[in-house]
*Asks:* 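Dumping the structure here so I can ask a few things about it.
The first residue in the sequence is number 1, and the count goes up from there.
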Amino acid sequence: MDVTLHLAQDPDADELLGRSPLAALVGMLLDQQVPMEWAFKGPRTIADRLGADDLDAHDIAARDPEAFASLLSEKPAVHRYPGSMAKRIQQLCQYLVEHYDGDAAAVWKDAGTGKELLRRLEELPGFGKQKARIFLALLGKRLGVRPTGWREAAGAYGEPDSFRSVADITGPESLAKVRAHKQEMKAAAKAAKKAPSS
């Protein structure tokens, strides 16, 4: 895995995401309730604060939870909710250590089908159905991980030439299109809530 991603819109952070399977998973985990760039910058910030060039699942899983939480809470905080996200990152790393010997890429390396890969992603702590589908689309569209039926398994996020999620971002222009799509979806959801039920 060594590609250029443009999710953090920061060269150092994006470089790490493009070569580190664990950094990509952690960035995806952090991508909620904060701007996407902030979330995907998180893995680089964590690695820097650990004095490391990459994230290591064994190392993070074994750290003292309070110390790890305060590492994420340092200004600028890695997330709006650094304490709860520190806990989630450690749970993810503990799961990877237990099930994949700490190798994040092993989650997708030998997945025979898109369906199987989706199941594996959904089993990761902190990855619900939607997050798993988006990450599956990111793997297929940006990282060249394409088991049979991956687009179908990713649902709408797997559609080519769409601008729905982080899987579709290749630079500032596509980021703006994804943002616009998300705002449209929020507005539609709000309007649906207000509509009188017949």
*Asks:* Quick check on the hydrophobic clustering: are V145 and Y100 connected, directly or via other members, by side-chain heavy-atom contacts under 4.5 Å?
*Replies:*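 In one cluster with V145: Y100, yes.
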*Asks:* Search all heavy atoms of A69 against all heavy atoms of G83 and return the closest pair with its distance.
*Replies:*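 Smallest interatomic distance, heavy atoms only, reads CB-CA, 4.3 Å.
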*Asks:* Hey, what do you get for NE2 (H181) to CZ (F163), rounding to the nearest 0.5 Å?
*Replies:*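 Taking NE2 in H181 and CZ in F163, the distance rounds to 11.0 Å.
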*Asks:* On a heavy-atom basis, which atom in A57 and which in G102 lie closest, and how many Å separate them?
*Replies:*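 Nearest pair, atom of A57 first, then G102: CB-O, 3.5 Å.
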*Asks:* So do the side chains of V178 and V166 get within less than 4.5 Å of each other, counting heavy atoms only?
*Replies:*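 Heavy-atom side-chain distance check fails, nothing below 4.5 Å.
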*Asks:* Tell me whether S70 contacts the main-chain N or O of A67 through its side chain, where contact means a donor paired with an acceptor under 3.5 Å.
*Replies:*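 Such a contact is found between S70 side chain and A67 backbone.
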*Asks:* Going hydrophobic residue to hydrophobic residue with side-chain gaps under 4.5 angstrom, can you get from W38 over to I169?
*Replies:*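 No; I169 is not reachable from W38 via cluster members.
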*Asks:* Is there side-chain contact between K109 and D103, with at least one heavy-atom pair below 4.5 Å?
*Replies:*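 In contact.
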*Asks:* Other residues, nucleotides and ligands only: do more than 12 of their heavy atoms fall within 6.0 Å of CD on Q130?
*Replies:*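 No - once you tally the heavy atoms of other residues, nucleotides and ligands closer than 6.0 Å, there are 12 at most.
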*Asks:* How far apart are the C-alpha atoms of L139 and L117, what are their side-chain angles, what is the distance that settles it, and do they pass the side chain to side chain contact (heavy atoms under 4.5 Å, CB included) test?
*Replies:* CA-CA 10 Å; L139 286 170; L117 178 48; 4.1 Å; yes
*Asks:* Please assess L7 against L138 for the test side chain to side chain contact (heavy atoms under 4.5 Å, CB included), listing each intermediate value before the final yes or no.
*Replies:* CA-CA 11 Å; L7 306 178; L138 178 70; 4.2 Å; yes
*Asks:* In terms of hydrophobic clustering (I, L, V, M, F, W, Y; side-chain heavy atoms under 4.5 Å; direct or indirect links), are V26 and V97 co-clustered?
*Replies:*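 V26 does not cluster with V97.
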*Asks:* Does a side-chain heavy-atom distance below 4.5 Å link I89 with L30?
*Replies:*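 Yes; the side chains approach each other to less than 4.5 Å.
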*Asks:* Are any non-hydrogen side-chain atoms of K41 and D12 less than 4.5 angstrom apart?
*Replies:*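 No, side chains not in contact.
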*Asks:* Is R44 paired with D14 through a side-chain N to carboxylate O contact shorter than 4.0 Å?
*Replies:*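 The answer is no: the pair does not qualify as a salt bridge.
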*Asks:* Mind checking the CE-NZ spacing from M36 to K182? Nearest 0.5 Å is all I need.
*Replies:*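 Between atom CE of M36 and atom NZ of K182 there are 7.0 Å.
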*Asks:* Determine whether L136 and Y157 satisfy the following criterion, side chain to side chain contact (heavy atoms under 4.5 Å, CB included), listing intermediate values before the conclusion.
*Replies:* CA-CA 8 Å; L136 175 51; Y157 299 108; over 6 Å; no
*Asks:* Please round to the nearest 0.5 Å and tell me the distance separating atom CG of D56 and atom SG of C93.
*Replies:*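 The CG atom of D56 sits 8.0 Å away from the SG atom of C93.
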*Asks:* So which pairs with a foot in residues 132-156 pass side-chain hydrogen bond (donor to acceptor under 3.5 Å, both in side chains), sequence neighbours left out?
*Replies:*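 Matches after skipping sequence neighbours: K141-S162, K141-D168.
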*Asks:* Decide, yes or no, whether a salt bridge links R179 with E173 under the criterion of side-chain N to carboxylate O below 4.0 Å.
*Replies:*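 Salt bridge absent between R179 and E173.
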*Asks:* Any idea how W108 and F135 line up, ring-wise: parallel (<30°), tilted (30 to 60°), or perpendicular (>60°)?
*Replies:*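 If you compare the ring of W108 with that of F135, the planes turn out tilted.
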*Asks:* Say whether F127 and Y81 are linked into one hydrophobic cluster, either directly or through other cluster members, by side-chain heavy-atom distances under 4.5 angstrom.
*Replies:*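 They do not share one cluster, since no chain of ILVMFWY contacts under 4.5 Å joins F127 to Y81.
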*Asks:* Is there side-chain contact between Q90 and I60, with at least one heavy-atom pair below 4.5 Å?
*Replies:*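 They are in contact (side-chain heavy atoms under 4.5 Å apart), so the answer is yes.
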*Asks:* What's the separation between atom NZ in K129 and atom CG in L121, rounded to the nearest 0.5 Å?
*Replies:*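 Between atom NZ of K129 and atom CG of L121 there are 11.5 Å.
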*Asks:* Could you tell me whether the side chain of R63 and the main chain of H58 form a donor-acceptor pair under 3.5 Å?
*Replies:*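 No, because the side chain of R63 does not come within donor-acceptor range (under 3.5 Å) of the backbone of H58.
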*Asks:* How about T45 and L72: do any of their side-chain heavy atoms sit closer than 4.5 Å?
*Replies:*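 Sidechains of L72 and T45: no contact.
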*Asks:* CZ/F40 to CE/M28 distance, rounded to the nearest 0.5 angstrom?
*Replies:*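 Those atoms lie 5.0 Å apart.
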*Asks:* Salt bridge or not for E15 and R19, using N-O below 4.0 Å?
*Replies:*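 Salt bridge between E15 and R19, a charged N being under 4.0 Å from a carboxylate O: yes.
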*Asks:* Taking all non-hydrogen atoms of both residues into account, name the closest pair between A23 and P43 and its distance.
*Replies:*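 Taking every non-hydrogen atom into account, O-CG, 3.3 Å.
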*Asks:* Nearest 0.5 angstrom please: T170 OG1 to L5 CG, how far?
*Replies:*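 Here the interatomic distance stands at 10.5 Å.
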*Asks:* List the steps, then state whether side chain to side chain contact (heavy atoms under 4.5 Å, CB included) holds for Q9 with L175.
*Replies:* CA-CA 9 Å; Q9 302 288 302; L175 170 63; 3.9 Å; yes
*Asks:* Tell me whether K131 is salt-bridged to E122, with the criterion being a basic N under 4.0 Å from an acidic carboxylate O.
*Replies:*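 Salt bridge between K131 and E122, a charged N being under 4.0 Å from a carboxylate O: no.
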*Asks:* If you look at every heavy atom in A39 and V34, which pair is closest and at what distance?
*Replies:*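 Looking at all heavy atoms of both residues, the shortest contact is CB-CG2, 3.9 Å.
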*Asks:* Check P82 against A77 and note the closest heavy-atom contact, atom names and distance.
*Replies:*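 The pair with the smallest heavy-atom distance is CG-CB, 4.3 Å.
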*Asks:* Could you go step by step and tell me if E116 and R120 meet the salt bridge (charged side-chain N to carboxylate O under 4.0 Å, His left out) rule?
*Replies:* CA-CA 6 Å; E116 184 189 348; R120 289 181 186 188; 2.7 Å; yes
*Asks:* Any side-chain heavy-atom pair from R164 and E159 closer than 4.5 angstrom?
*Replies:*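 Heavy-atom side-chain distance check passes, below 4.5 Å.
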*Asks:* Can you confirm whether T113 sits close enough to L118 that some side-chain heavy atom of one is under 4.5 Å from a side-chain heavy atom of the other?
*Replies:*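 No, side chains not in contact.
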